[in-house]
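The structure appears right after this line, and notes come after that.
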Amino acid sequence: MNKMMLMTAGPTQVRENVRMARSTVTTSPDEDISFCEYYKQVCDKLAQFFCTKNTFYILSGEGILGLEAACASLTEAGDNVLVIDNGIFGKGFADFVKIYGGNPILYTVDDKEPVNVQALEEYLKENHDFKYATIVHCDTPSGVLNDVESICPILKKYDILTVVDSVSACFGEPLNVDKAQIDILCGGSQKALSAPTGLTFLGVSDKAIETMKNRKTPIASFYANILSFVDYYENKWFPYTMPVSDIYGFGRAVENVIKDRHIFVRHKKIANATRKAIETAGLKQYIKTGFSNTVTVITLPEGINDQELLQKMRERHIMISGCFGELAGKVIRIGHMGENADVACMLETLMALGESLEQMGMTLNCDMKEIFLKEVK
Ligand SMILES: *Cc1c(COP(=O)(O)O)cnc(C)c1O
């Protein structure tokens, strides 16, 4: 198999020490008290990293399981839920709310810019009878970054619980969960954390747990039931067998991130230089403002087919992303998050992108790697 450099918007590259941690000899997580201790230590490190008193849980399943678990655990039949929508993942929350009998009320705004905080504040003055609200930090298909640290406190003023999908922003964009007043933070293993796919984590406030415990009806799920994790440490018992190797790898990735003192500066520098190179070359970004430092989303130029371009990139041993939903065939995405946020990797990616586009008949206004190198210094 040819070695492929992974520059997709998730999964991201996985460092060798994370892969090694996954090959550690394992025991039965049900019998081994030290595993339970390890799990808790990793969860406590997450809480520390995100500056919060909230309790973290790692669930076996992709990021999507985290979003579903938040909705499954909070939603009761007839509950009004505010679904803040300026992108595909934003809107997607409505489906989870509906599945669990809730009544999603969409607040839909332009998908090419971040949610306008003042406009939302105005809307809430008239409309605030919601049990909880959902918002996406970085909506990965478009790359738009919402200011959740400003938005969630406004929701909390009306006693609305806040659910934030930060799967593709956290670890690449700074986030202070207590300052933001987030009741349920949803994250994943495979984006900026740079662990392999397969795990989701949730940072849950006492208020959210209390709300779940005070439900009139039981949570209509087993696998997506956050309450079933709440007493794991006291009881030394998980609701199902934990994927030990996945969690060892995840724990090592968390250590890597904590040791990485310049993580946010590096993401910012690389993202800025990438955008500058793309724009100078004459390519257009999909959104107008509010660029997340974890991903760059480029509108496909006239006459350029995404599958053909992605194939040309793969022939150069670099994998980038297309898109799905409404943006399928309209954009391509470069994920410069986590281990991908690396100058050498980005240089190769831009070089390959330039060559591929020119091979497909496009003329670019500059050599993107030169601009990138100048900007990233
Ligand atoms: C990747 C991602 C998820 C999780 O999707 P999976 O398919 O489970 O990996 C959720 N939200 C956002 C914004 C994401 O980028």
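Because the structure is a prediction, the values reported are computed rather than measured. Every number for a ligand or one of its atoms is a count from 1 in the order of the listing.
In terms of polar-atom proximity, Asp139 is not counted as a contact of ligand 1, lacking any N or O under 3.5 Å from an N or O of the ligand.
In this comparison of Val295, Ile88, Asp165, Val136, the heavy atom closest to atom 11 (N) of ligand 1 sits on Asp165.
For the atom pair CD1 of Ile258 and CZ of Phe171, the computed distance is 8.0 Å after rounding to the nearest 0.5 Å. In this structure, CG in Asn17 is found 12.5 Å from CZ in Arg22, a value given to the nearest 0.5 Å.
Under the 4.5 Å side-chain heavy-atom criterion for ILVMFWY residues, a single connected hydrophobic cluster contains both Met212 and Val230.
Proximity of Ala9 to ligand 1, defined as any heavy-atom pair under 4.0 Å, is not found for any part of the residue. The side chain of Gln190, and not its backbone, has at least one atom closer than 4.0 Å to an atom of ligand 1 (non-hydrogen atoms only; side chain from C-beta on).
Close contacts between ligand 1 and Cys138 involve ligand atoms 13 (C) [criterion: under 4.0 Å to a heavy atom]. Listed by number with element, the atoms of ligand 1 under 4.0 Å from a non-hydrogen atom of Thr140 are 12 (C), 13 (C), 14 (C), 15 (O). Remark: ligand 1 atoms within the under-4.0 Å shell around heavy atoms of Ile64 are 4 (C), 5 (O), 6 (P), 7 (O), 8 (O). The Gly63 neighbourhood of ligand 1 comprises atoms 4 (C), 8 (O), with distances under 4.0 Å to a heavy atom of that residue.
Using a distance-only test at 3.5 Å, with no hydrogens or angles considered, a donor-acceptor pair links the side chain of Thr200 to the main chain of Gly187.
In terms of protein heavy-atom proximity, atom 1 (C) of ligand 1 is nearest to Lys191 NZ, 1.4 Å. At the shortest separation from atom 6 (P) of ligand 1 among protein heavy atoms lies Glu62 OE1, 3.3 Å.
Here Tyr286 and Phe291 keep their ring centres 6.0 angstrom or further from each other. In summary, the aromatic rings of Tyr223 and Tyr240 are positioned with their centroids under 6.0 Å apart.
With no hydrogens or angles considered, no side-chain donor-acceptor pair links Ser73 and Tyr100 at under 3.5 Å.
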